[in-house]
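Just below is one structure, and these are the notes that go with it.
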Amino acid sequence: MTTWNELLKNTERVTPNYRLTQAIKVSDLDIDYSINTKVISFHGMIHTMHGHYGVIAEFHGIDATEGLTEDEILNGFLPKPSLADHDIKVYCNCPNYRFRFDIPNRKHNAGTGQPFGTYHKKTDRKPNNPQDLPGVCYHLIEFLDYLHSQGFIH
């Protein structure tokens, strides 16, 4: 699998000049943790001026007390995965993610969520990600920044 830092590094290689320049709002946050599979998943909606996108971030290999203080453990808090240390799988239903990163992420075991339908290329334009590097769209970057700022991950 892949860590968040690896995904960000590859994203810069694939889309070095792409920047999100619009206001972002996160809603419909849902967090699920499975102690059996040691997976914590964050689902949400990203709202921009150009649309609303569903995003998913799943962290794997997370122990029930990961990143928690003794008080947080006693109060039943969910574990807090680390961006630097844990394997992650991601998904966004925006076109940028679909056409640049969905297939490479699935090939590198970094993709999750419902697969997109088969797309038949209509032009002779160069591929968006010719090296098939796993990465993320900026909706996912904003989503993970939000999760970090709210204390769900560290």
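Every heavy atom of this structure was used, including side-chain atoms; hydrogens, water molecules and symmetry mates were not. These figures come from a predicted structure and were not determined experimentally.
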Determine, using the 4.5 Å side-chain heavy-atom cutoff (strictly less than), whether V26 and L78 are members of one ILVMFWY cluster. yes
Count the heavy atoms of every other residue, nucleotide or ligand shown that sit under 6.0 Å from CD1 of I31, and state whether that count exceeds 12. yes
For V39, the other hydrophobic cluster members (4.5 Å side-chain criterion, sorted by chain and number) are none
Value rounded to 0.5 Å, distance of CG in D28 from CD1 in I46: 10.5 Å
Salt bridge (Lys or Arg N to Asp or Glu O under 4.0 Å) with D63: which residues, sequence neighbours excluded? K38
Counterpart residues, side-chain hydrogen bond (donor to acceptor under 3.5 Å, both in side chains), relative to K9 (two or more places apart): none
Determine which pairs satisfy side-chain hydrogen bond (donor to acceptor under 3.5 Å, both in side chains) with at least one residue from residues 101-116, sequence neighbours left out, and list them in order. E58-T112, K89-N109, Y97-N105, D102-R106, K107-D132
Contacts of H52 that satisfy side-chain hydrogen bond (donor to acceptor under 3.5 Å, both in side chains) - sequence neighbours left out: H47
If every non-hydrogen atom of I56 is compared with every non-hydrogen atom of L140, which pair is closest and at what distance? O-CD2, 3.7 Å
Quick one: side-chain hydrogen bond (donor to acceptor under 3.5 Å, both in side chains) partners of N5, sequence neighbours excluded? none
In a check of side chain to side chain contact (heavy atoms under 4.5 Å, CB included) between C137 and each of T11, N96, V55, which one passes? N96
Fellow cluster residues of Y119, listed by chain then number, with links counted only when side-chain atoms sit under 4.5 Å apart: F99
Quick one: CD on E70 to OG1 on T65, what's the gap to the nearest 0.5 Å? 10.5 Å
Give every residue pair that meets the salt bridge (charged side-chain N to carboxylate O under 4.0 Å, His left out) criterion with at least one member in residues 45-57, sequence neighbours excluded. none
Where do A57 and I88 come nearest, in terms of heavy atoms and distance? CB-CD1, 4.3 Å
Nearest heavy atoms of I62 and P79, plus distance in Å: CG2-CB, 3.6 Å
Could you tell me which residues satisfy side-chain hydrogen bond (donor to acceptor under 3.5 Å, both in side chains) with N128, sequence neighbours excluded, listed by chain and number? R125
For H43 versus S41, what's the shortest heavy-atom pair and its separation? NE2-OG, 3.5 Å
With ring-ring contact (aromatic ring centres under 6.0 Å, His included) as the criterion, how do H139 and Y53 come out once you've worked through the C-alpha distance, each side chain's angles and the decisive distance to 0.1 Å? CA-CA 8 Å; H139 304 109; Y53 305 106; 4.5 Å; yes
Contacts of Y33 meeting ring pair (Phe, Tyr, Trp, His ring centres under 6.0 Å) (sequence neighbours excluded), chain-then-number -> none
Would a 4.5 Å heavy-atom cut-off, applied to side chains only, mark N10 and Q131 as touching? no
Let me know which of D85, D87, I141 forms a side chain to side chain contact (heavy atoms under 4.5 Å, CB included) with W4. I141
Linking Ile, Leu, Val, Met, Phe, Trp and Tyr through side-chain heavy atoms less than 4.5 Å apart, which residues share a cluster with L68? I73, F77
Within the structure provided, determine whether P104 and L133 are in side-chain contact (heavy-atom separation under 4.5 Å). no
What distance separates L144 CG from L8 CG, expressed to the nearest 0.5 Å? 8.0 Å
Under 3.5 Å donor-acceptor pairs involving side-chain atoms of residues 146-154, not counting sequence neighbours:
residue	atom	partner	partner atom	Å
S149	OG	D145	O	3.4
S149	OG	Y146	O	2.9
H154	NE2	K80	O	3.1

How far does SG of C94 sit from CZ of F101, to the nearest 0.5 angstrom? 9.5 Å
OG1 (T37) and NE2 (H60) are apart, to the nearest 0.5 Å, by 8.0 Å
Taking every non-hydrogen atom, the tightest pair across P81 and F42: CG-CE1, 4.3 Å
Which atom pair, heavy atoms only, marks the closest approach of V90 to G135? CG2-O, 4.3 Å
